[in-house]
Amino acid sequence: MTSAGVPAAIADERPSGGLFITFEGGDGVGKTTQAALLDTWLSERGRTVLRTREPGGTEVGVLIRDIVLHHRGDIAPRAEALLYAADRAHHIETVVRPALGRGEVVIQDRYLDSSVAYQGEGRQLEPAQIRELSLWAAGGLLPDLTVLLDLDHGAARRRLDADDKPFDRLEAEREDFHDRVRDRFLAIAREEPGRFLVLDASRPPANLAAAVRDRVEVLLAGIPGAQGSVGARG
Ligand code: TYD
């Protein structure tokens with residue numbers, strides 16, 4: 001096993017130069033807002049940023065997203081796990097790895113930790129197996145940094161209610177499902193403290209953004225040539 005707990009057989013080489021940052025947490029915790037604020041800050045500093053998301057970061061992924069979030073009938077839990085993994089496999093190979101290879105910063109809404117939390121724990125499949133499935137799908141790629149925005153379900157639900165959008169399949173799950181998801185996210189973060197920044201998502205957005213920037217600045221300082229690269233995008 002490697003230090004991050006990835007079996008050697010599925011761990012593989014990181015493309016050099018880029019930075020892979022993911023945002024995780026339950027529904028309604030403010031991931032998208034924080035991803036956008038980080039994107040703006042990095043772009044203003046001349047970094048090339050690719051903003052993306054799972055599910056739905058590719059054309060194929062948009063079709064898969066529609067199934068997993070909006071299909072009206074049942075989807076067997078294992079089939080749901082495989083759909084998220086299929087989205088991930090295509091997205092990582094065709095979008096994320098090429099961007100990292102070009103030395104870009106990839107800022108992504110949700111990644112494999114969502115599968116471990118939602119399918120592994122929420123759907124009560126085996127979290128360790130779901131992690132392995134995701135790593136297989138993604139060729140072993142782990143983020144340099146994962147920001148976990150942690151919020152209790154009641155507060156998150158009030159934010160979603162205020163949005164006034166109909167709930168998708170996952171959002172519509174019961175409270176105990178979302179409580180399990182939250183607990184699993186926190187457990188993953190405890191297992192990999194080096195990869196995670198855990199923030200209390202009830203803090204003001206500007207305050208959270210500053211904490212994220214502080215951590216990203218440290219990471220950028222560790223990449224040769226990172227401060228000098230130019231060309232903002234996205
Ligand atoms: P998201 O795009 O964050 O939803 P929204 O745009 O409505 O905030 O995520 C969609 C849903 O998919 C979310 O409820 C979490 C779920 N999900 C999983 O269950 N497993 C996964 O692997 C991923 C990536 C998302």
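Both ligands and their constituent atoms are indexed starting at 1 by order of listing.
The two atoms that bring Leu197 and Ala211 nearest to each other are CD2-O, 3.9 Å, heavy atoms only.
Aromatic ring orientation, Phe20 versus Tyr111: perpendicular (interplanar angle above 60°, classes split at 30° and 60°).
Less than 4.0 angstrom separates some heavy atom of Leu170 from each of these atoms of ligand 1: 14 (O), 16 (C), 19 (O). Using a 4.0 Å cut-off to heavy atoms of Asp27, the atoms of ligand 1 that qualify are 13 (C), 14 (O).
There is no side-chain donor-acceptor pair under 3.5 Å between Tyr84 and Arg110.
Of the polar atoms of Gln119, at least one N or O is found under 3.5 Å from an N or O of ligand 1, judged by distance alone. Considering backbone and side-chain atoms together, Glu171 places an N or O closer than 3.5 Å to an N or O of ligand 1. The distance criterion of under 3.5 Å between nitrogen or oxygen atoms is not met by Tyr118 with respect to ligand 1.
Looking at Leu69 against ligand 1, only its side chain comes within 4.0 Å, counting heavy atoms.
Shortest contact from atom 18 (C) of ligand 1 to any protein heavy atom: Tyr84 CZ, 3.2 Å. For atom 22 (O) of ligand 1, the closest non-hydrogen atom of the protein is Ser115 OG, 2.5 Å.
Comparing Arg88, Arg110, Lys165 by heavy-atom distance to atom 9 (O) of ligand 1, the nearest is Arg110. Nearest residue to atom 6 (O) of ligand 1 from Arg65, Arg53, His178 is Arg65 (criterion: closest heavy atom).
Side-chain atoms of Arg97 come within 3.5 Å of backbone atoms of Ala138 as a donor-acceptor pair (strictly under, hydrogens ignored).
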**Request:** Starting from the C-alpha separation in whole Å, work towards a yes-or-no answer on side chain to side chain contact (heavy atoms under 4.5 Å, CB included) for Arg169 and Ile75.
**Result:** CA-CA 10 Å; Arg169 280 181 64 253; Ile75 300 178; 3.8 Å; yes

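Counting heavy atoms from C-beta outward, Leu170 and Phe177 have side chains that approach closer than 4.5 Å.
Contact analysis puts Asp168 in contact with ligand 1, with a non-hydrogen atom separation below 4.0 angstrom.
Looking at Glu192 and Arg131, a side-chain N of the basic residue comes within less than 4.0 Å of a carboxylate O on the acidic one, giving a salt bridge. Using a cutoff of 4.0 Å between basic side-chain nitrogens and carboxylate oxygens, Asp152 and Arg182 are not scored as salt-bridged.
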